[in-house]
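The structure appears right after this line, and notes come after that.
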Amino acid sequence: MSPAETPVQSTRLLVSVRDPAEAVLAADCGADLVDAKDPDRGALGALPPGIVSAIAADVRTNPNSPLVSAVAGEPRGVAELASSLGALAPAGADLLKVALPAGIWSEPDMLRPALAHAGVPVIAVFFAEDGPEPSILPSVARAGFAGAMIDTRIKDGTSLPDLLPPERLAGFVAGCREAGLISGLAGSLRIADIAALARHGPSYLGFRGGLCASSNRGLALDGGRIREAAARLTETGRREAA
């Protein structure tokens with residue numbers, strides 16, 4: 001199944017990883033999407049293309065066959081967007097993720113040629129601190145993005161549900177669905193957040209710190225926590241379908 005065909009109503013587990021060893025662990029423990037990202041460089045710190053390539057190669061040997069995404073940073077304009085995406089295009093990820101300045105959405109048609117440099121679907125990331133509104137999502141779709149995601153810019157332990165109320169998150173996910181976009185919610189999420197957030201029906205819930213030792217995103221991923229998160233998502237999906 002391609003990323004664009006992922007059912008919106010079936011929420012899946014995104015786990016951010018910093019190297020091939022973490023990627024293999026995440027895939028073995030039930031991640032549906034392994035997200036290559038440098039947690040020491042902020043919310044959207046990009047890894048070198050060589051590490052992304054190694055992550056993609058190792059994950060694709062896993063029988064679970066999770067998808068691989070990679071963060072392309074926070075380019076300040078169209079030219080930088082094209083450069084950032086082009087640098088990661090040969091790395092073999094199934095998806096790329098990128099955040100853009102707010103003002104750039106006024107002319108979505110300018111973004112489409114830059115997205116062509118990715119060679120794969122691209123997800124637009126918005127920060128909860130900026131209060132993203134569903135009204136921006138038609139422009140995201142017109143620009144050629146495959147999806148949209150909310151994350152937190154400041155990684156101080158404040159989680160996405162602390163910053164945005166349930167109705168705002170539900171509205172964002174519904175707006176993605178109406179625009180034909182993959183949707184994602186992330187930002188210092190805890191395993192305890194899964195049941196409430198999955199009810200909104202995002203395509204993915206994204207985790208890093210909540211699945212690490214001592215809930216510290218700079219430490220190693222904990223396989224037991226990844227398995228627990230995967231099981232919680234499966235259990236929540238069954239309850240919602242009942």
In terms of hydrophobic clustering (I, L, V, M, F, W, Y; side-chain heavy atoms under 4.5 Å; direct or indirect links), are M110 and L115 co-clustered? yes
With distance as the sole test, does E228 use its side chain to make a donor-acceptor pair with the main-chain N or O of G224 at under 3.5 Å? no
Could you report the tightest heavy-atom contact between A43 and K37, atom names first, then the distance? O-CD, 3.1 Å
Would you say R232 and R227 make side-chain contact, with heavy atoms under 4.5 Å? no
Spacing of CG belonging to L164 relative to CD1 belonging to I150, to within rounding of 0.5 Å: 5.5 Å
Distance-only, no hydrogens or angles: does the R177 side chain make a donor-acceptor pair with backbone N or O of I182 under 3.5 Å? no
For the student: nearest non-hydrogen atoms of A26 and V34, plus distance: CB-CG2, 4.3 Å
Look at the aromatic rings of F126 and W105 and report parallel, tilted or perpendicular, splitting at 30° and 60°. tilted
Can you tell me how far CG of L85 sits from CG of L81, rounded to the nearest 0.5 angstrom? 4.5 Å
Minimal non-hydrogen separation, G92 against A56, with atom names: O-CB, 3.7 Å
Please round to the nearest 0.5 Å and tell me the distance separating atom CZ of F145 and atom CZ of R112. 10.0 Å
Using the side chain to side chain contact (heavy atoms under 4.5 Å, CB included) rule, take L33 and L95 through it: C-alpha gap first, then chi angles, then the decisive distance, then the call. CA-CA 10 Å; L33 178 59; L95 295 164; 4.3 Å; yes
Check: I55 main-chain N/O paired with D58 side-chain donor or acceptor under 3.5 Å: no
Atom CG of L160 and atom CZ of R190: how far apart are they, to the nearest 0.5 Å? 10.0 Å
Side-chain (S183) to main-chain (S203) donor-acceptor, under 3.5 angstrom: yes
Keeping the roles fixed (side chain from R168, backbone from G131), state whether a donor-acceptor pair exists under 3.5 Å. yes
Would you confirm whether D162, through its side chain, and S159, through its main-chain N or O, come within 3.5 Å as a donor-acceptor pair? yes
Quick one: are V122 and V98 in side-chain contact, heavy atoms under 4.5 Å? yes
Hey, does the side chain of S83 reach the backbone of A79 with a donor-acceptor pair shorter than 3.5 angstrom? no
Please determine whether a side-chain nitrogen of the Lys or Arg among D94 and R60 lies less than 4.0 Å from a carboxylate oxygen of the Asp or Glu. yes
Under a 3.5 Å distance rule, please check whether R12 uses its side chain to pair with a backbone N or O of Y204 as donor and acceptor. no
Does any part of the side chain of L197, heavy atoms only, come nearer than 4.5 Å to the side chain of P202, both counted from C-beta? no
Give me the atom names and distance for the closest heavy-atom approach of I226 to C29. CG2-CB, 3.5 Å
To the nearest 0.5 angstrom, please state how far the CG atom of L25 sits from the CG atom of D222. 8.0 Å
Any donor-acceptor pair under 3.5 Å linking the side chain of R217 with the backbone of F207? no
G187 and D151 have their tightest heavy-atom pair at CA-OD1, 3.2 Å
Could you walk me through whether N216 and S214 pass the side-chain hydrogen bond (donor to acceptor under 3.5 Å, both in side chains) test, one step at a time? CA-CA 5 Å; N216 183 334; S214 302; over 6 Å; no
Start with the C-alpha distance between N64 and D28, add both sets of side-chain angles, then the distance that settles side-chain hydrogen bond (donor to acceptor under 3.5 Å, both in side chains), and finish with yes or no. CA-CA 7 Å; N64 295 330; D28 287 344; 5.4 Å; no
Do the side chains of L205 and L14 get nearer than 4.5 Å, heavy atoms only? no
E74/K97 salt bridge by N-O under 4.0 Å criterion: no
Residue that, paired with D38, satisfies side-chain contact (heavy atoms from CB on, under 4.5 Å) out of L47, L44, D19: L47
Supply the atom-to-atom distance D35 CG to M149 CE, rounded to the nearest 0.5 angstrom. 7.0 Å
Joint hydrophobic cluster, L13 plus I191, side-chain heavy atoms closer than 4.5 Å: yes
Same cluster (ILVMFWY, side-chain, under 4.5 Å), L211 and V24: no
Sidechain N-carboxylate O distance under 4.0 Å for R153, D130: yes
Residue pair A230 / G30: nearest heavy atoms and the distance that separates them: CB-O, 4.0 Å
